[in-house]
Amino acid sequence: MTRYRFLSLLLLATLVVNANAAKAGGSRGPSRSRTRMHGSRMPILILHRNPASARYYENKDGARIIEASHFESDYILGRKITFSCVATGIPRPEITWLKDGIEVYHHEFFQIHERAVGNDTIRSKMEIDPATQKDAGYYECQADNQYAVDHRGFRTDYVMISY
C-alpha cells in the first residue's frame, strides 16, 4: 500500500470516528476509537485494544528500551560514530542493531559492546570508527525477549569539514 493511500485511509477513518462521536453526543464507550487533535496537525487515531492483546503487548516483563541515542545525528567523515541503547525486561532482553533494516555485525571498523546490568537490564553501544560516507543511513536498536519487542531509530548523515 502506498504511503498516500494509507494516509487517505487514515484520514477517512478519522473523519468517520469524529462523525460517529458527534452523532452519539460525544459519549465514547471503552471499546470505541477516538482521536486527539494536535494543533494544526492531522488528528491521531487511537484504537483501544481488547484485554487479551493488551496483556500481551503491555506485559510488565516485556522488553522495553529505557535509554537511547538521539533521534538524528550528523558525523564528521573519519571520526567515530557512537550509538547507545539500554533495555530492560524479564528475562533480560537481547539487543540487535540494524542499518537500513538489515542486521549489522561486528567487524574491524564496526564494534558492538554489551554489558549486563543486574538481572533484567542490558546496555549496548555501537561504534563505527572511522566513519565513511557509506555509514550514513537509518540505524535501529531492537530489544526483544519472549514477551515483547521494542525499537528506537536514529538517522545519521555525514558532514564535510573544510579548512
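Because the structure is a prediction, the values reported are computed rather than measured.
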Least distance between heavy atoms, [X] atom then [Y] atom:
X	Y	value
A143	A87	CB-CB, 3.5 Å
G62	Y147	CA-CB, 3.6 Å
D135	Y75	C-OH, 3.4 Å

* **Between OG1 on residue T96 and NE2 on residue H151, distance to nearest 0.5 Å** =>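 Nearest 0.5 Å value for the OG1-NE2 distance: 12.5 Å.
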
* **Inter-residue atom distance Q111.CD - D129.CG, 0.5 Å rounding** =>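 It comes to 8.0 Å.
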
* CZ/R64: more than 12 non-hydrogen atoms of other groups inside 6.0 Å ->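 Open.
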
* Asked: After noting the C-alpha distance and the side-chain angles of I128 and K80, does the key distance pass the side-chain contact (heavy atoms from CB on, under 4.5 Å) rule?
  -> CA-CA 6 Å; I128 302 170; K80 183 191 292 189; over 6 Å; no

Quick one: are [X] and [Y] in side-chain contact, heavy atoms under 4.5 Å?
X	Y	result
P91	N145	yes
F110	V104	yes
R92	I90	no
F154	S73	no

* Are I112 and I95 in one and the same hydrophobic cluster, where Ile, Leu, Val, Met, Phe, Trp and Tyr link if side-chain heavy atoms are under 4.5 Å apart? ->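 Same cluster.
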
* Check: F83 ring centre within less than 6.0 Å of Y139 ring centre -> yes

* Partners of D150 by side-chain hydrogen bond (donor to acceptor under 3.5 Å, both in side chains), sequence neighbours excluded? ->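 Counting only residues at least two positions away or on another chain, D150 forms a side-chain hydrogen bond (donor to acceptor under 3.5 Å, both in side chains) with R152.
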
Report all side-chain donor-acceptor pairs from residues 116-126 shorter than 3.5 Å, counting only partners two or more places apart or in another chain.
{"from": "T121", "atom 1": "OG1", "to": "T88", "atom 2": "OG1", "distance (Å)": "3.4"}
{"from": "S124", "atom 1": "OG", "to": "W97", "atom 2": "NE1", "distance (Å)": "2.9"}
{"from": "K125", "atom 1": "NZ", "to": "E127", "atom 2": "OE2", "distance (Å)": "3.4"}

* Asked: Does S84 reach the main-chain N or O of A68 with its side chain, forming a donor-acceptor pair under 3.5 Å?
  -> no

* Asked: Does K99 reach the main-chain N or O of A136 with its side chain, forming a donor-acceptor pair under 3.5 Å?
  ->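 Yes.
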
* Tell me the disulfide bond (SG atoms under 2.5 Å apart) pairs involving residues 91-142, sequence neighbours left out? -> C85-C141

* Asked: Does the side-chain contact (heavy atoms from CB on, under 4.5 Å) test come out yes or no for D100 and I102, once each step is laid out?
  -> CA-CA 6 Å; D100 299 326; I102 300 170; 5.7 Å; no

